[in-house]
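In this text, all values refer to a predicted model and were calculated from it rather than measured experimentally. Residue numbers start at 1 and run along the sequence shown. The figures here come from the full heavy-atom set of this structure, side chains too, leaving out hydrogens, waters and symmetry mates.
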Amino acid sequence: MNWVIVAWTGATSASLMLAAIHLFVWIRNRKAWASLMFCLMAACTAGMAGCELAMMRVTDVNQLGAILQWYNLSRWAVTLALIGFMHFYLGAGRPWLELTVIGLRTLALLLNLFVSPNAYYSSIDGLNRIIFFGQAVTVVEGIPNPLMLVGQVSMLVLAAYLVDTTWRAYTAGAYNRALRVGSSSVFFVLALSLQTMLVLWGVVEAPIMASLFFLGIVGVMAFELSEDMLRSTRLAENLQQREVDLRRERKLTDAVFQGAPGLLFLQSQDGVIRRWNKRPANPSEVIETKIHDFFRKEDHPALSESLEKTFSEGSANFELDLLHSDGSASRHFFSTVQIEIGEKPHLIGIGIDVSAEHALGLELALQKEKLARVSQIASMSELSSSLAHEINQPLAIILSNAEAAQRQLELPVPNHNELRDILKDIVAADIRAADVIRRLRSILQRGQPVLKPVAPSSLLNNVLRLLKTDLDNSGALVSKKIPKRLPNFLADRIPVEQVLINLIKNALEAMHGNGTRGKSLILSCAAEGSGVRFSVRDNGCGLPESGDWIFEAFHTTKPTGLGLGLKISQTIIQAHGGRLWAEVNKGRGASFHFHLPLRPETT
């Protein structure tokens, strides 16, 4: 078997096959210039391999000269294609270095065309046959031409260009590309330059094998391009899956909205209804209509006043008659809260039919029942506004990141590090949205708390992280007192975190008027009995001596408050078998404490 023919024909076939594959890639995506440069380089490498095989079998000097002309043209084209690939794939080449290499290589090509017999030899004494890989091949015997130094210098400058481009790409963050493509190209270019110089200057008697070295570069480039295509395919599949998950979360949000008890609606500041659940009118007949169309004309001034109060003060409560599609009307109690959607003010409202109570004139027992129902619905209103606010942000983040990922995938050379970061942001926002939805569904269904082991220090640290912006803006001096060893306790983590968040925010608001006295916030946690006690202490405006009324529904000192925050917090703590209470500090301010058992009997 002639191993020389096998090696060089194999190199030719492999190069042509890779060239055909990436020509197809470029035809499908005309912006993939790196694939086009790779195609040209692989095709010209195949041409070099064919010329080298022909030179090893030539028997006539004139025929050798013709083959050398084609060989130099292929080598010139390979050099240009290599520079083009590095320019488009790594994107870090210096233009003046690229032009220098191209200029020197072009000068070497022209010298070989116009110098007799060629730029490699001043004169050719003859053709010798030597044994190479067990086969007889032809080598040239002659006097080296000093002009071939131009070509050899061009290869050394090419190596310098590759080193510089590789380093610039590595420092720019393209670590894998620089290490694989750049370093391998430098190695093979230096190796083929050394082998060519040793052969042409007569130090080593062997045929020129530059095509095999260029085939090594082609192989590394093919591997890296294949890895890029696989990574792009995986990223596209992941992005498609995230889009499916996003649509599923949107359907879940719609289900929560439609499943809310009573009337639930969303409107813009100009009074146009954007969302409306199925009661008491068909949503398709309501969307994009004015909220005033569902109330009597004589009630429009009171309705407008309540809506303006919601947008100016943050919330409002009012009772009006709601008109039905059949012309009838029923008395409804409404609780509305302002929210931001797309940086534009909107209003989310919830209403409950209280016409039966008005018609029957219930006495004290019925009035208490009505108050309980209103309290429940108002609580759900605040939770609904929280849902709209918290879900809108992660959905917007997911959408903007998905659009950014799509734009990256349309680029000729996508930035995979940036795509990876985008997918991480999408996953984080998706998880946050799911947690909020699960929490609201649990409360709406009156489910039991989902008890899991919770570390007190981890709970408190996570709350401080969530409130970092509020704490920084308040200017309060925050002190944290947590013993090193505290037992874990069983609790539903998210509701308990919300209790701490509510107490800390109340403390910051209580210290708002401290002025030059400074603001001091002390957060502590300690083992107490068969449980743990959390405390929030401030030096704000404090509490009245008899402050039990602060835990009653609808009692509030805030102009925009519903008076439900502490009541909901107390309900959450009691559901865990714990207790929430407040104390007036001896000096100034107030302290709020809650105690949770290690293993509660939930109610």
Side-chain angles (χ1 to χ4, degrees), residues 11 14-15 18-19 21-22 25-26 31-45 48 74-105 151-197 209-232 235 408 411-420:
S15 298
L18 291 172
I21 292 173
H22 284 274
V25 172
W26 178 75
K31 295 181 180 181
W33 293 108
S35 293
L36 177 62
M37 293 297 103
F38 175 82
C39 170
L40 295 175
M41 183 175 177
C44 293
T45 299
M48 287 179 60
S74 298
R75 192 161 176 175
W76 173 82
V78 165
T79 304
L80 266 62
L82 175 58
I83 293 174
F85 181 87
M86 300 297 285
H87 176 84
F88 289 111
Y89 192 69
L90 294 184
R94 299 180 192 269
W96 67 269
L97 254 180
E98 295 172 346
L99 293 176
T100 301
V101 177
I102 294 172
L104 288 172
R105 200 65 221 170
Q152 294 169 0
V153 169
S154 70
M155 296 305 293
L156 294 177
V157 177
L158 174 61
Y161 162 75
L162 293 174
V163 171
D164 178 72
T165 303
T166 300
W167 175 249
R168 286 164 61 88
Y170 184 85
T171 56
Y175 306 117
N176 291 334
R177 291 186 176 186
L179 291 176
R180 293 175 184 172
V181 178
S183 59
S184 62
S185 299
V186 172
F187 171 76
F188 284 116
V189 166
L190 290 176
L192 75 89
S193 300
L194 178 62
Q195 195 269 345
T196 303
M197 285 190 290
M209 302 183 297
S211 63
L212 298 185
F213 294 103
F214 277 114
L215 180 62
I217 300 176
V218 168
V220 175
M221 289 180 176
F223 174 80
E224 188 64 23
L225 288 174
S226 299
E227 285 287 302
D228 285 350
M229 287 190 287
L230 289 175
R231 284 192 292 267
S232 298
L235 287 172
Q408 274 292 325
L411 296 176
V413 182
N415 188 325
H416 299 287
N417 290 330
E418 185 172 349
L419 282 172
R420 192 175 295 108

Tell me, do [X] and [Y] make a side-chain contact under 4.5 Å, heavy atoms counted?
X	Y	answer
Leu82	Leu158	yes
Arg180	Glu227	yes
Leu212	Leu192	no

Gap between atom [atom2] of [Y] and atom [atom1] of [X] - 0.5 Å precision:
X	Y	atom1	atom2	answer
Ile21	Cys39	CD1	SG	10.5 Å
Glu224	Ser184	CD	OG	9.0 Å
Arg231	Asn176	CZ	CG	6.5 Å
Phe213	Ser193	CZ	OG	9.5 Å
Met155	Leu162	CE	CG	8.5 Å
Leu411	Lys31	CG	NZ	8.0 Å

Of all heavy-atom pairs between [X] and [Y], which one has the smallest distance, and what is that distance?
X	Y	value
Met41	Val78	O-CG2, 4.1 Å
Thr45	Phe214	OG1-CB, 3.9 Å
Met197	Gln152	CG-CD, 3.3 Å
Leu90	Arg177	CD2-CB, 3.6 Å
Val181	Met86	CG1-SD, 3.9 Å
Leu215	Ser15	CD1-OG, 3.4 Å

Could you give me the CA-CA distance, side-chain angles and deciding distance for Thr196 and Arg75, then say whether side-chain contact (heavy atoms from CB on, under 4.5 Å) is met? CA-CA 12 Å; Thr196 303; Arg75 192 161 176 175; 3.8 Å; yes

Tell me, which pairs form a side-chain hydrogen bond (donor to acceptor under 3.5 Å, both in side chains) where one or both residues lie in residues 155-171, sequence neighbours left out?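 Every pair satisfying side-chain hydrogen bond (donor to acceptor under 3.5 Å, both in side chains) with a residue in residues 155-171: Arg94-Asp164, Glu98-Tyr161.
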
Give a yes or no on whether Trp26 atom CH2 has more than 12 heavy-atom contacts from other residues, nucleotides or ligands under 6.0 Å away.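 Yes - once you tally the heavy atoms of other residues, nucleotides and ligands closer than 6.0 Å, there are more than 12.
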
With ring pair (Phe, Tyr, Trp, His ring centres under 6.0 Å) as the test, pick out the partner of His22 among Phe85, Phe38, Tyr89.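 When Phe85, Phe38, Tyr89 are each tested with His22, the ring pair (Phe, Tyr, Trp, His ring centres under 6.0 Å) holds only for Phe38.
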
